[in-house]
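Lettering follows sequence order; numbering is per chain, from 1.
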Protein chains: 2
Amino acid sequence: MSPPSPRRNDQDARPSRGIPEATVARLPVYLRALTGLADRGIATASSEELARAAGVNSAKLRKDLSYLGSYGTRGVGYDVEYLRYQIAREIGLTQDWPVVIVGIGNLGHALANYSGFVSRGFGIVGLLDADPARVGERVGDHVIQAYNELERVVSEYGVAIGVISTPATAAQEVCDRMVAAGITSVLNFAPVVLSVPPGVDVRKVDLSTELQILAYHEQRKALAGPGPLSQVDGLPAERSPLIP
Amino acid sequence: MSPPSPRRNDQDARPSRGIPEATVARLPVYLRALTGLADRGIATASSEELARAAGVNSAKLRKDLSYLGSYGTRGVGYDVEYLRYQIAREIGLTQDWPVVIVGIGNLGHALANYSGFVSRGFGIVGLLDADPARVGERVGDHVIQAYNELERVVSEYGVAIGVISTPATAAQEVCDRMVAAGITSVLNFAPVVLSVPPGVDVRKVDLSTELQILAYHEQRKALAGPGPLSQVDGLPAERSPLIP
DNA sequence: TAGATTGTTAATCGATTAACAATC
DNA sequence: TAGATTGTTAATCGATTAACAATC
């Protein structure tokens, strides 16, 4: 009966706004694919070639890139270096992001030594640990500092992104303290669901969740029987238990 | 004009089949939440309580659980232990999954020492590295073996899931060899897009992608200006560069 | 111009959510 | 029975995909 209610129109915003989440999550993949092409001396790539390098289909890639603007040339393709820069700018990698890591156990060491960290616009400005025995230890180019230094490091370097690689039991309290100190984005490696106030982003990386998702699909493959056509002319593929 | 073409009906399959991917990805989260509740001695939980513990809304949780069956009691809620078992069974965690890890650098060490590994139905049956200098080194309960042992370990233990924590340059060749040896699920920590034949599942965990997604949102917060209401009465929030 | 390839449209598919009848 | 809460429906929203007009 009544006309559709007037709705806030996304057109009002700048074109750089409102990129779908699914697209945002793929931009880093495109960026990496472009870097790979550039390293191999390739100056121009079609959506088809770029999509292959990124592991997606070309329709999706073109749709994704269309949210950023028109950076391709019809009949030609995309200039690798130009597109790479545009995506980096869109993500915000034309500036450096200071990052603090709390919890320097095995995983924290691995993160601190991860070269992709520095090379991609992120810089570690603090490695913090609550264990006094670890404070002062050298890890890569850095020295582990006391957890108590968190507020100082965050304000001194203007840290916006914090990484949590503590045990699960400590993660929420570390997160709370990060947020109180001014951090508004958290990358969490601890296997807990973190509570944060509105305006704070949390992303979670969870080994055991990933393994469980694989196990689910693996189990279904076994149930479906061996062979790509899921023929059921034999018993399900046998899997040995842990003891051989 | 013509009636819709006859389509293969999912109803034909058992109810345990065809759980949406988004739901599958949340089952491990529910499982962990249930374990947490059980640890605190809670025997029964409503969808509302369970959803809070898992960090989702209760409608989504009920919808997700409905794909597994009717394991709740109207007016009462869910029996924590019973539901926990049903989800574990659905995922396939009532059996143990032998896992092999290739690439025992910093990250490989962290993964090998990760306790959630063993405790959640996964068992490491091999730590492999291509560097002869590392072979023989003790990591947790295991000893690093030569990369050459891959085929033997996979067939001896019936390994279906392989973890790649090598440098990016080695990842594709390791993956190919895993697949040739019979592995059908790969968890990849190397920052490359892996090519695999149909029927092989790959999941990727990528630190720098996660950081970049956070950076994108962080940048938008800065552009929107300080304050939760995105007021633009001031300059964008200042972020210091890496050098203070 | 002819060929190639982008950027966009529109159809389809899958995921989320609110609401509520069923039922403990 | 009255109150509580599940399981399901249906509406909405967001993501994917194929197709193709626009255009280099």
Test item: side-chain donor near acceptor, B:S58 and B:R52, under 3.5 Å: no
Short side-chain N/O contact from B:R62 to OP1 or OP2 of D:dT9, under 4.0 Å: no
For D:dA18, the Watson-Crick or wobble partner whose two distances fall under 3.5 Å: C:dT9
Distance-only polar pair, side chains of A:D79 and A:T44, donor-acceptor under 3.5 Å: no
Atom-pair distance (CD on A:E49; C1' on C:dT6), nearest Å: 14 Å
Along DNA chain D (nearest heavy atom to each residue), the more 5'-positioned of A:A59 and B:K63: B:K63
Atom-to-atom span, CZ of B:R52 to P of D:dT5 - whole angstrom: 11 Å
C:dG7 phosphate, OP1 or OP2, under 4.0 Å from A:Y78 side-chain N/O: yes
DNA chain C-proximal residues of residues 35-48 of chain A, any heavy atom under 4.0 Å: A:S46, A:S47
Rounded distance (Å) that lies between atom C1' of D:dT6 and atom CD of B:Q86: 16 Å
Protein-nucleotide distance (A:E21, atom CD; D:dC13, atom P), rounded to Å: 18 Å
Sole residue of A:V205, A:L111, A:N188 in side-chain contact (heavy atoms from CB on, under 4.5 Å) with A:S165: A:L111
5' priority, DNA chain C, between A:V76 and A:S66 [closest heavy atom]: A:V76
Any side-chain donor near an acceptor of the partner, B:R89 and B:T94, under 3.5 Å: no
Interatomic distance where NZ belongs to A:K60 and P belongs to C:dC13 [whole Å]: 16 Å
Interatomic distance where CG belongs to B:N57 and P belongs to C:dA19 [whole Å]: 12 Å
Residue A:P20, side-chain heavy atoms: nucleotide from D:dG7, D:dA15, C:dT17 that is nearest: D:dA15
Within the 6.0 Å centroid threshold, strictly below: B:Y71 and B:Y82: yes
Gap between atoms CG and P, on B:D64 and C:dA15 respectively (whole Å): 10 Å
Protein-nucleotide distance (B:L61, atom CG; D:dG7, atom P), rounded to Å: 10 Å
Phosphate OP1/OP2 of D:dG14 contacted by A:Y67 side-chain N/O (<4.0 Å): no
Assigned partner base of C:dT23, Watson-Crick or wobble definition, under 3.5 Å: D:dA4
Distance-only donor-acceptor check, side chains B:S185 and B:R203, under 3.5 Å: no
Euclidean distance, A:Y30 OH relative to A:L27 CG, rounded to 0.5 Å: 7.5 Å
Sugar-phosphate, base or nothing in reach of A:A22, heavy atoms under 4.0 Å: sugar-phosphate
Under-3.5 Å donor-acceptor pair between B:R74 side chain and C:dT23 base: no
Non-hydrogen side-chain atoms of A:V163 and A:V102 separated by less than 4.5 Å: no
